[in-house]
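First the structure, in the form of structure tokens, and then the observations on it.
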Number of protein chains: 2
Amino acid sequence: MEQGIIINRNTKAIRDSLKNAGIQPSASRMAIASFVWNTDSHPTAEEVKIEVEKAFPTVSLATVYNTLNLFVEKGLLKEVQDSNQRSVRYDCNTTPHFHFIDEATGQMMDLDPEVLRISPDLSKLGAEFKIREIEVTLRGRKMGTPQDKVKQK
Amino acid sequence: MEQGIIINRNTKAIRDSLKNAGIQPSASRMAIASFVWNTDSHPTAEEVKIEVEKAFPTVSLATVYNTLNLFVEKGLLKEVQDSNQRSVRYDCNTTPHFHFIDEATGQMMDLDPEVLRISPDLSKLGAEFKIREIEVTLRGRKMGTPQDKVKQK
DNA sequence: AACTATACTAGAATAATTCTAATTAATCTT
DNA sequence: AAGATTAATTAGAATTATTCTAGTATAGTT
Ligand SMILES: [Mn+2]
Ligand SMILES: [Mn+2]
Ligand SMILES: [Zn+2]
Ligand SMILES: [Zn+2]
């Protein structure tokens, strides 16, 4: 029953991804990418900063935001809304998928796109609606076994 | 092809709705309710303030927020996220429905729940996910005829 | 009218994000 | 390699949405 996807790229793969997107793989960008591409926790900018500081103590918050925004622009990350509706979270899973938010913990989990079938009824929607993206979030509780908390590589 | 729902309650209906929810229908609450329950524009708090000030010039921003939060608490309004992901919008349509956001104008439109069929595949989702709410937003362009802009009562 | 509870207000505080202007680092040209 | 140019990073100020505070006004109750 594994919904989450952890990208887990190594240093070389990360460097190549950045170069590929036309981004110079500077040290701070590498540090930020290494963190966001190896977690499925949908971190906030502040959480990214806290983690990245461990490896790279001089990184500034402005650089964290600049870098995350750059990654979003280049399609390497997606922005998603935190459930408090106040801050942004960053999602390294840029493939179409859905989210489940546990309302007790606030934790945002990826859902495999196969768990939901979504069919727009064009006859009712009207052809004048040009859809670019469908965003779906489920909210509720996940009654998980403790093992569910364990991250696997 | 009408997706939007305009509640359009008159003064007496609004007063009754407030009383019904256990809210004292003070003058400022009436003014705020009269606006938010007669628009399908999904206004922000700032937009609510600007409108309400016309009828009620001394209303404070704190009262606008207090009142909107109170209405949300009592289930009279729903909060939805603005597409800039920075501010909250208020939706007088508390029945299950979906949203379409025109990415050129930022306009948020209601979609009738019949335009989308959503089926969770419980066998894949897992019974431990207790779903309370499914939130769906479509983004794209609406290539409307000019008449589409006209509000009908 | 006095008392109490509720509602309202102006302005301060908070917090997420962006902006500014200066500094550093990397890349390019000669 | 030196100098010139461009790109990246920084600290801190600015912006903005929202909440908080503490005082004032209003409404309901005896
Ligand atoms: Mn952004
Ligand atoms: Mn709220
Ligand atoms: Zn995700
Ligand atoms: Zn709506």
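Below, chain A is the first sequence line, B the second, and so on; all start at residue 1. All figures in this text were calculated on a predicted structure; none of them were measured in a lab.
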Calculate the interatomic distance between [X] atom [atom1] and [N] atom [atom2]; express it in whole Å.
X	N	atom1	atom2	value
Phe56(B)	dC8(C)	CZ	P	7 Å
Lys49(A)	dG12(D)	NZ	P	12 Å
Arg89(A)	dA16(C)	CZ	C1'	13 Å
Leu61(B)	dT19(D)	CG	P	10 Å
Arg29(B)	dT6(C)	CZ	P	11 Å
Leu70(A)	dC19(C)	CG	C1'	17 Å
Ile23(A)	dT27(C)	CD1	C1'	18 Å
Lys19(B)	dT6(C)	NZ	P	18 Å

Among [options], which is the nearest nucleotide to the side chain of [X]?
X	options	answer
Ala62(B)	dC8(C), dT9(C), dT19(D)	dT9(C)
Val88(A)	dA7(C), dT17(C), dT10(D)	dT17(C)
Ser60(B)	dA7(D), dT18(C), dT9(C)	dT9(C)
Ser26(A)	dT9(C), dA8(D), dT6(C)	dA8(D)
Tyr65(A)	dT27(C), dT18(C), dA7(C)	dT18(C)
Ser87(B)	dC8(C), dA17(D), dA7(D)	dA17(D)
Arg86(A)	dT19(D), dT9(D), dT18(C)	dT19(D)

Output yes when at least one side-chain N/O atom of [X] is less than 4.0 Å from OP1 or OP2 of [N], else no.
X	N	value
Ser28(B)	dC8(C)	yes
Thr58(A)	dT10(D)	yes
Asn66(A)	dT18(C)	no

> Does Gln85(B) or Val64(B) map to a spot on DNA chain C nearer the 5' end, using the closest nucleotide for each?
Replying inline: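 That would be Val64(B).
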>> Distance alone, cut at 3.5 Å: any donor-acceptor contact between the side chains of Asp82(A) and His42(A)?
In response: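 No, His42(A) and Asp82(A) have no side-chain donor paired with an acceptor closer than 3.5 Å.
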> Between the side chain of Ser34(A) and the main-chain N/O of Met30(A), is any donor-acceptor distance below 3.5 Å?
Replying inline: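 Here the side-chain-to-backbone pair exists.
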> So, does Gln81(B) use its side chain to make a donor-acceptor pair with the main chain of Ser87(B) at under 3.5 Å?
Replying inline: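 Such a contact is found between Gln81(B) side chain and Ser87(B) backbone.
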> Is the shortest side-chain N to carboxylate O distance from Arg141(A) to Glu103(A) below 4.0 Å?
Replying inline: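 Not counted as a salt bridge, because no side-chain N and carboxylate O are separated by less than 4.0 Å.
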> Starting at the 5' end of DNA chain D and moving along, which residue's nearest nucleotide shows up first, Gln24(B) or Ala45(B)?
Replying inline: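 Nearer the 5' end of the strand: Ala45(B).
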>> Give me the atom names and distance for the closest heavy-atom approach of His97(B) to Asp110(B).
In response: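 Between these two residues, the closest heavy atoms are NE2-OD1, 3.0 Å.
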